[in-house]
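The residues of the chain are indexed from 1 along the displayed sequence.
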Amino acid sequence: MKEWRAYTGLSKEMVMKKKRETSKATEFKNIQTREVIYLLPTQEIGVVLDPKTVENHKDFKSEKKYHSTALKKFPKRVNKGQTPIHYGYSFKFKSIGELESFIKRFNEI
């Protein structure tokens, strides 16, 4: 299910603006709240939220930490190596509709 990668409605309909894109993630920023979210270029539809957002809002609970140098706006922690790396909490979705619902909830925080 790769067609979601080309989905551009995310930035217009969801009050999100595309900020930066790498091979590992695409960064979007909410133009009202300034919150950042990363869309992952994987087979599944996946996003990563800032750990502070997840830890401060009980509606966004995830046990899955995702580590990547592409998550530049997120804090760092030591994972498996010796140096800290950026991380966040990942969420997976089965459809664009599920992603849109999640983004709508995210935009309301």
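- Crowding of Lys64 atom NZ: a count of heavy atoms from other residues, nucleotides or ligands under 6.0 Å not exceeding 12.
- Considering only residues two or more places apart in sequence or on other chains, Arg105 meets the side chain to side chain donor-acceptor pair (under 3.5 Å) condition with none of them.
- Between the NZ atom of Lys104 and the CG atom of Leu99 there is a distance of 11.0 Å, given to the nearest 0.5 Å.
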*Could you give me the CA-CA distance, side-chain angles and deciding distance for Ile96 and Ile45, then say whether side chain to side chain contact (heavy atoms under 4.5 Å, CB included) is met?*
CA-CA 8 Å; Ile96 295 295; Ile45 302 170; 4.1 Å; yes
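- Residues in residues 20-32 take part in these salt bridge (charged side-chain N to carboxylate O under 4.0 Å, His left out) pairs, two or more places apart or across chains: Lys18-Glu21, Arg20-Glu27.
- The side chain to side chain donor-acceptor pair (under 3.5 Å) check on Glu35 picks up Thr53, with sequence neighbours excluded.
- One finds the OG atom of Ser68 at 8.0 Å from the CG atom of Leu40 (value rounded to the nearest 0.5 Å).
- Remark: Phe60 engages Phe102 in a ring-ring contact (aromatic ring centres under 6.0 Å, His included) (not counting sequence neighbours).
- Each of Leu39, Val47, Ile103, Val36 was evaluated against Phe28; a single residue qualifies, Leu39, per the side chain to side chain contact (heavy atoms under 4.5 Å, CB included) test.
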Do any side-chain atoms of residues 78-90 form donor-acceptor pairs under 3.5 angstrom with protein atoms, and if so which ones, sequence neighbours left out?
{"residue": "Asn79", "atom": "ND2", "partner": "His67", "partner atom": "ND1", "Å": "3.4"}
{"residue": "His86", "atom": "ND1", "partner": "Leu71", "partner atom": "O", "Å": "3.2"}
{"residue": "His86", "atom": "ND1", "partner": "Phe74", "partner atom": "O", "Å": "2.6"}
{"residue": "Tyr89", "atom": "OH", "partner": "Glu55", "partner atom": "OE2", "Å": "3.2"}

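- Here Thr22 pairs with nothing under the side chain to side chain donor-acceptor pair (under 3.5 Å) rule; sequence neighbours left out.
- Within a 6.0 Å sphere centred on NZ of Lys61, heavy atoms belonging to other residues, nucleotides or ligands number more than 12.
- For Glu98, there are no side chain to side chain donor-acceptor pair (under 3.5 Å) partners two or more places apart in sequence or in a different chain.
- Residues satisfying the salt bridge (Lys or Arg N to Asp or Glu O under 4.0 Å) test with Arg77, not counting sequence neighbours, are none.
- Although no hydrogens or angles enter the test, the distance criterion places no donor-acceptor pair under 3.5 Å between the side chain of Tyr38 and the main chain of Asp50.
- Between Pro41 and Ser23 the shortest side-chain heavy-atom distance does not fall below 4.5 Å.
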